[in-house]
Amino acid sequence: MSLAAYGSRVGLLSHLKTHQQAVAKAFLNGYYMHHDMLGEKGDFVTSPEISQIFGELIGIWYVSEWMAIGKPKTFQLVELGPGRGTLTGDILRVFHQLGSLHNKCNVSIHLVEVSPKLSEIQALTLTGEKIQPESDDTSPVYMKGTSKTGIPIFWYRTLQDVPQGNSFYLAHEFFDALPIHKFQRTEKGWREVLIDIDPEVPDKLRFVLAPAVTPAAKYFIQDEEPRDHVEVCPDAGVLIQKLACRIEKDGGAALIADYGHDGTKTDTFRGFRNHKLHDVLIAPGTADLTADVDFSYLRSMTQGRVTTLGPIAQQEFLKNMGIDVRLQVLLQKSHDVTVREQLIRGYQMLTDPKQMGDRFYFFALLPHHRLKSSDKQVNPGAVN
Ligand code: SAH
C-alpha cells in the first residue's frame with residue numbers, strides 16, 4: 001500500500017499541515033521508489049520469487065487463452081507492478097518454447113512500474129542489460145529494451161499510457177499495494193477512520209474516527225453493507241474499470257492474483273518489515289503497507305462489462321494448471337540435491353493451505369464472448 005492513503009486521510013484534518021508535509025516527503029522518498037523490498041533480504045517474498053513453476057503455469061494460462069481466442073497474430077502482455085521482472089521472465093520462457101507463438105506472432109511486453117530502482121532490476125532480469133531511461137520527457141515510455149528472446153519491452157508509469165489493443169493483463173501482488181480508505185460503523189452511522197498525530201506523544205501517529213461524515217464515507221459505503229468495519233480501495237476500482245473497458249473493447253484477458261477475500265473480511269491493513277509484521281503507524285515509508293484485496297468490490301466495479309472468474313485459492317489454481325505434473329518433470333530433469341530440495345520446498349510454500357495456498361487468490365476478467373457457458377462465475381484455472 002502506498003502512502004498516498006496517509007496523504008488523503010491526513011489531508012482531511014486541516015490542523016495537520018506540518019505532518020502533511022512530512023507525509024508528502026515520505027511519499028516522494030516512498031517505500032516502493034528507491035529500494036528492492038523483495039526477497040530474503042527485503043521485507044517480503046512473492047510467489048514468482050519462490051519458484052519458477054509459478055510463472056510458468058501463469059504463462060500456460062495465457063497461452064491457452066491465446067489459443068482459445070483463435071491465436072491472434074498480434075498481442076501485448078501488460079504487467080502491472082512487475083517487481084524484479086521474474087514473473088514476466090518465466091512467462092516469456094513459456095512463450096519462447098512454443099514455436100507457433102514465438103516465431104509467428106508479434107508480441108510486445110508493456111510494464112507499468114513507478115519505481116526507478118525496480119525498473120532497473122526488471123531491465124536487467126529481462127534484457128540482461130542495464131538500460132538508460134529515455135531522454136524524451138514528453139513520451140509516456142520512460143524506458144525501452146528487448147528481451148533476451150527478442151521481444152520488445154516498454155516501461156510506463158500508469159496503465160493509461162499503455163497502448164490499447166488485444167492484451168493479456170497481469171497483476172500479481174499489485175492491487176494490495178494501492179491505498180485504501182477505512183470505515184467504521186458507529187451509532188451515528190459510518191465514519192471514516194483517519195490518521196492524526198497523538199497530542200500526548202510528539203511524532204506518534206494514531207487512528208481516529210472522523211468527527212463527521214467525510215465525502216469518502218458518503219460515497220464508498222454501499223447501502224446494504226453488512227460489515228461493521230470496511231476497507232475500500234478506490235484506486236483499485238478505477239483500475240479494474242479501465243481493464244474491463246479495455247478487454248470489452250479490444251479483447252484479451254486479465255489475471256489478478258493477490259491476498260484477498262470476497263467481501264467478507266474487515267480490518268486487514270498491516271505492515272511488513274524484514275518479513276515481520278510491522279505497526280503501520282510507525283516510520284511511514286520504511287515498511288510494506290498492505291491490505292487484502294476485496295474481490296467482490298473489484299467484481300462490482302467491472303459493471304458487467306466482462307465476465308469475471310473466481311476468486312479461487314492459489315493452491316486450486318496451481319493444481320488445475322498442472323503444478324504436480326510440472327514439479328515431477330523438473331524433478332526428473334534435475335539430479336542436483338539442492339535444486340530438488342528447492343523445487344519441493346517451493347511447491348509446498350505455494351500450495352500448502354497454511355502457507356500461500358489458501359491465502360492468495362486468483363481472479364480473471366474475460367470478454368463475455370470468450371465463454372459460451374451460461375455459468376459466468378467459474379474458476380479461472382478451470383476454464384481451460
Ligand atoms: N508483481 C511482483 C511485485 C509485487 S510488489 C511480484 O509478485 O513479485 C508491488 C509492485 O508494484 C512493485 O513493483 C512496485 O514498485 C509496484 N507498484 C506499487 N505501486 C504502484 C503504482 N501505483 N503504480 C505502478 N507500480 C506500482
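Read the numbers this way: they start at 1 and go in the same order the structure lists the ligands and their atoms.
- Looking at ligand 1, you'll find an N or O of H172 within less than 3.5 Å of one of its N or O atoms.
- Heavy-atom neighbours of Q160 CD from other residues, nucleotides or ligands within 6.0 Å: at or below the threshold of 12.
- Nearest-heavy-atom check against atom 21 (C) of ligand 1 across T86, I50, V114 picks out V114.
- A cation-pi geometry, defined here as NZ or CZ lying under 6.0 Å from the six-membered ring centre and within 45° of its normal, holds between R270 and Y259.
- Of the listed residues (S119, P48, G81), the one carrying the non-hydrogen atom nearest atom 11 (O) of ligand 1 is G81.
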Test log, rule salt bridge (charged side-chain N to carboxylate O under 4.0 Å, His left out), inputs K265 and E231 | CA-CA 9 Å; K265 287 200 186 168; E231 294 164 340; over 6 Å; no
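- Among D279, D43, T286, D288, the single residue meeting the side chain to side chain donor-acceptor pair (under 3.5 Å) criterion with R273 is T286.
- Taking 4.0 Å as the cut-off, R84 does not count as a neighbour of ligand 1 on heavy-atom distance.
- Set against the non-hydrogen atoms of E79, the atoms of ligand 1 under 4.0 Å away are 1 (N).
- Taking every heavy atom of T46 and a limit of under 4.0 angstrom, the matching atoms of ligand 1 come to 6 (C), 7 (O), 8 (O).
- Less than 4.0 angstrom separates some heavy atom of E173 from each of these atoms of ligand 1: 4 (C), 5 (S), 9 (C).
- For the pair E113 and ligand 1, the shortest N or O to N or O distance falls below 3.5 Å.
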Would you sort out whether E49 and T86 count as a side-chain hydrogen bond (donor to acceptor under 3.5 Å, both in side chains), showing the intermediate values?
-> CA-CA 7 Å; E49 302 296 333; T86 311; 2.7 Å; yes
Evaluation steps, side-chain hydrogen bond (donor to acceptor under 3.5 Å, both in side chains), between Q122 and W155 | CA-CA 10 Å; Q122 290 150 20; W155 276 263; 2.9 Å; yes
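- The shortest N/O to N/O separation between L118 and ligand 1 does not fall below 3.5 Å.
- Cation-pi check for R299 over F363 is not met; the charged atom does not lie both under 6.0 angstrom from the ring centroid and within 45 degrees of its normal.
- Applying the 4.0 Å criterion to heavy atoms of S115 picks out, from ligand 1, the atoms 15 (O).
- Under a 4.0 Å criterion applied to the non-hydrogen atoms of G83, ligand 1 contributes the atoms 2 (C), 3 (C), 13 (O).
- L87 does not count as a contact of ligand 1, since none of its heavy atoms falls under 4.0 Å from the ligand.
- To the nearest 0.5 Å, atoms NE2 (H110) and CD (E79) are separated by 13.0 Å.
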